[in-house]
Amino acid sequence: MRRRWQRLSILKFLKSKYVIAYLASFLMFIVSILFGIAVGSVAVPVTDIFPIILSPLLHLSFTHDIDPMYIDIVYQIRLPRVLLAGFVGASLAIAGAAFQGLLRNPLADPYILGVSSGASVGAVSTLFFNITLPLLGLYTLPILSISAAFITIMLVLFFARQVESTMRVETIILTGIIFNSFLGAFISLIIALSGDQLSDIIGWLLGSVSMRGWKYIAIILPFFMVGSLLLLANSKELNAMSFGEERAHYLGVDVQRRKLIVLTAGSTLTGAAVAVSGAIGFVGLVIPHLTRLLWGPDHTHLLPLSILTGSSFLILADLVSRTIISPQLLPIGVITALIGAPVFALILMRKRKTSKGGASC
């Protein structure tokens, strides 16, 4: 009986729209990786990319006839850059999807809620004061960045509750914007005092995955794995909470515990992403919203699809940032802001029209 039920579940899934969703998202992901590696000041033939990548993975040599220059470009520059952009985009996108589901608002994301600014304060302070914690070493920057991100979201929720005990979503978002402004002023103070470190800090704040190398992938990877797995494990609870905390409670969800897990995981992902790439806005806002519009609000599928789409988006955004005014590099945060700000305005207008339509009914 159990096998029959499993067979029916698989057949039901294969007939659903999510098969197309995963195939399209995965294809876009692979294509973006290939473009990210192949395109640049020196073009790498697409036919050479797979042999170069597969050789060490399979412990075989497929690179006898490939120019050594291409091998160096792929391993030392392009591949780590593409992978880092992918991890950062995936982290911000799944965190944004979780925050939007938890707060039941498409305008919620790590950037607007102040989480990114909190992570930026933690990271900039670490760079400015040259802090290295004992035993942590390389992981000092992400740990402090994540801690600052988590403290920020906790403070946002605390002050939102003080303002309004019901903690309406609008109140949380407005509180997040206030914290965003305050933390932005703190970052500006550090910039004003930075002196010789000015160009490094400003370049970091604008967002970039350029010349980071493999060690930055080693930094973000464990936090990405832990944060993503926590959110994916709570996808059904996010579905329940998207209908309201009271209804989720009646459905048997431990709302406060699950909320804390989601906020912790989202802050972990955001803090780690900000630590390795700087503050890159709008990814956590735009990608989950568009994914939800295309494939629906079920977090069981929305979260993994956001990972694939967010990863692809930031890889392509990075490709544009390094080729649009080549040989100069444009910060990746500029590209995401140019795309994200208009989309944010459209989301806001659409939400306002929807609310007016509901009011008139």
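Predicted model, so just to flag it, every value in this text is computed and none were measured. Computation of the quantities below employed the complete heavy-atom set of this structure, encompassing side-chain atoms and omitting hydrogens, waters and symmetry-equivalent molecules.
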Problem - Side chain proximity check, Ser321 to Val334, heavy atoms < 4.5 angstrom - result: no
Exercise for the section: Please tell me if the side chains of Gln100 and Leu238 come closer than 4.5 Å, counting only heavy atoms from C-beta onward. Expected result: no
Exercise for the section: Output yes when a side-chain donor or acceptor of Ser277 lies under 3.5 Å from a complementary backbone atom of Val274, and no otherwise. Expected result: no
Handout entry: Ser228 side chain near Leu269 side chain, heavy-atom distance below 4.5 Å
Key = yes
Exercise for the section: Decide yes or no for Asp109 and Phe282: does some side-chain heavy atom of the first lie under 4.5 Å from some side-chain heavy atom of the second? Expected result: no
Practice task
Mind checking the CD1-CG spacing from Ile287 to Leu305? Nearest 0.5 Å is all I need.
Solution key: 12.0 Å
Exercise for the section: Starting at CZ of Arg292, measure out to CG of Asp298 and round the result to the nearest 0.5 Å. Expected result: 11.0 Å
Less than 3.5 Å apart, which donor and acceptor atoms pair up between the side chains of residues 36-45 and the rest of the protein, not counting sequence neighbours?
none

Handout entry: Closest non-hydrogen atom pair between His301 and Tyr22, with its separation
Key = ND1-OH, 2.9 Å
Problem - Ala240: partners by side-chain contact (heavy atoms from CB on, under 4.5 Å), with sequence neighbours left out - result: Ala248, Leu251, Val253
Practice task
Group every Ile, Leu, Val, Met, Phe, Trp and Tyr by side-chain heavy-atom contacts under 4.5 Å, then state whether Val19 and Met28 land in the same group.
Solution key: no
Practice task
Determine whether Val262 and Leu229 fall in the same hydrophobic cluster, where Ile, Leu, Val, Met, Phe, Trp and Tyr are linked whenever their side-chain heavy atoms lie under 4.5 Å apart.
Solution key: no
Handout entry: Shortest non-hydrogen contact between Ile220 and Ala273, atoms and distance
Key = CD1-CA, 4.0 Å
Problem - Check: Leu263 and Met154 side chains under 4.5 Å, non-hydrogen atoms - result: yes
Practice task
Say whether Ile49 and Met69 are linked into one hydrophobic cluster, either directly or through other cluster members, by side-chain heavy-atom distances under 4.5 angstrom.
Solution key: yes
Problem - Expected output: side-chain Ser145 to main-chain Leu141 donor-acceptor under 3.5 Å - result: no
Practice task
State yes or no: do Leu34 and Val320 share one hydrophobic cluster built from I, L, V, M, F, W and Y residues joined by side-chain heavy-atom distances below 4.5 Å, directly or via other members?
Solution key: yes
Handout entry: Non-hydrogen atoms of Leu303 and Ala97 that approach each other most closely
Key = CD2-CB, 3.7 Å
Practice task
Step by step, work out the side chain to side chain contact (heavy atoms under 4.5 Å, CB included) result for Tyr216 and Val209.
Solution key: CA-CA 9 Å; Tyr216 280 81; Val209 291; over 6 Å; no
Exercise for the section: Could you tell me whether the side chain of Arg161 and the main chain of Phe159 form a donor-acceptor pair under 3.5 Å? Expected result: no
Exercise for the section: Can you sort out the partners of Phe87 under ring pair (Phe, Tyr, Trp, His ring centres under 6.0 Å), two or more places apart, ordered by chain and number? Expected result: Phe224
Handout entry: Distance in Å, Ser242 OG paired with Leu102 CG, rounded so as to fall on 0.5 Å steps
Key = 10.0 Å
Problem - Residue pair Ile315 / Ser311, side-chain heavy-atom distance below 4.5 Å - result: yes
Exercise for the section: Mark yes when over 12 heavy atoms from residues, nucleotides or ligands other than Leu338 sit less than 6.0 Å from its CG; otherwise mark no. Expected result: yes
Exercise for the section: Taking all heavy atoms of Lys215 and all of Arg212, pick out the closest pair and write down the distance. Expected result: CG-O, 4.2 Å
Problem - Any residue meeting side-chain contact (heavy atoms from CB on, under 4.5 Å) with Ile143, in chain and number order, not counting sequence neighbours - result: Leu136, Tyr139, Ser147, Phe223
Exercise for the section: For Leu302 and Trp295, run side chain to side chain contact (heavy atoms under 4.5 Å, CB included): C-alpha distance rounded to whole Å, both residues' side-chain angles, the deciding distance at 0.1 Å, then the answer. Expected result: CA-CA 7 Å; Leu302 176 63; Trp295 309 115; over 6 Å; no
Problem - For the student: nearest non-hydrogen atoms of Ala93 and Ser306, plus distance - result: CB-O, 3.3 Å
Practice task
For residues Pro304 and Leu232, determine if any side-chain heavy atom of one lies less than 4.5 Å from a side-chain heavy atom of the other.
Solution key: yes
Problem - Beyond-backbone contact of Thr309 with Leu290, side-chain heavy atoms, under 4.5 angstrom - result: no
Practice task
Give, for atom CG of Leu316 and atom CD1 of Ile335, the distance between the pair rounded to the nearest 0.5 Å.
Solution key: 11.5 Å
Exercise for the section: Spell out, yes or no, whether Leu27 and Phe50 are grouped together once hydrophobic residues are joined by side-chain heavy atoms under 4.5 Å, including indirect joins. Expected result: no
Handout entry: Ser32 side chain vs Phe29 backbone, donor-acceptor pair below 3.5 Å
Key = yes
Exercise for the section: Give, for atom CG of Leu319 and atom CD1 of Ile332, the distance between the pair rounded to the nearest 0.5 Å. Expected result: 10.0 Å
Handout entry: Distance (rounded to the nearest 0.5 Å) between Leu79 CG and Ile71 CD1
Key = 13.0 Å
Practice task
Of all the heavy-atom pairs spanning Gly340 and Val286, show the shortest one and how long it is.
Solution key: CA-CG2, 3.7 Å
Exercise for the section: Would you please name every residue forming a salt bridge (charged side-chain N to carboxylate O under 4.0 Å, His left out) with Asp318, sequence neighbours left out? Expected result: Arg81, Arg322
Sequence neighbours left out, cut at 3.5 Å: what donor-acceptor pairs do the side chains of residues 172-185 make with other protein atoms?
from	atom 1	to	atom 2	distance (Å)
Thr175	OG1	Thr171	O	2.7
Asn180	OD1	Ser117	OG	2.1
Asn180	ND2	Tyr111	O	2.8
Ser181	OG	Ile177	O	3.2

Exercise for the section: Assess whether atom CZ of Phe35 is packed by more than 12 heavy atoms of other residues, nucleotides or ligands within 6.0 Å. Expected result: no
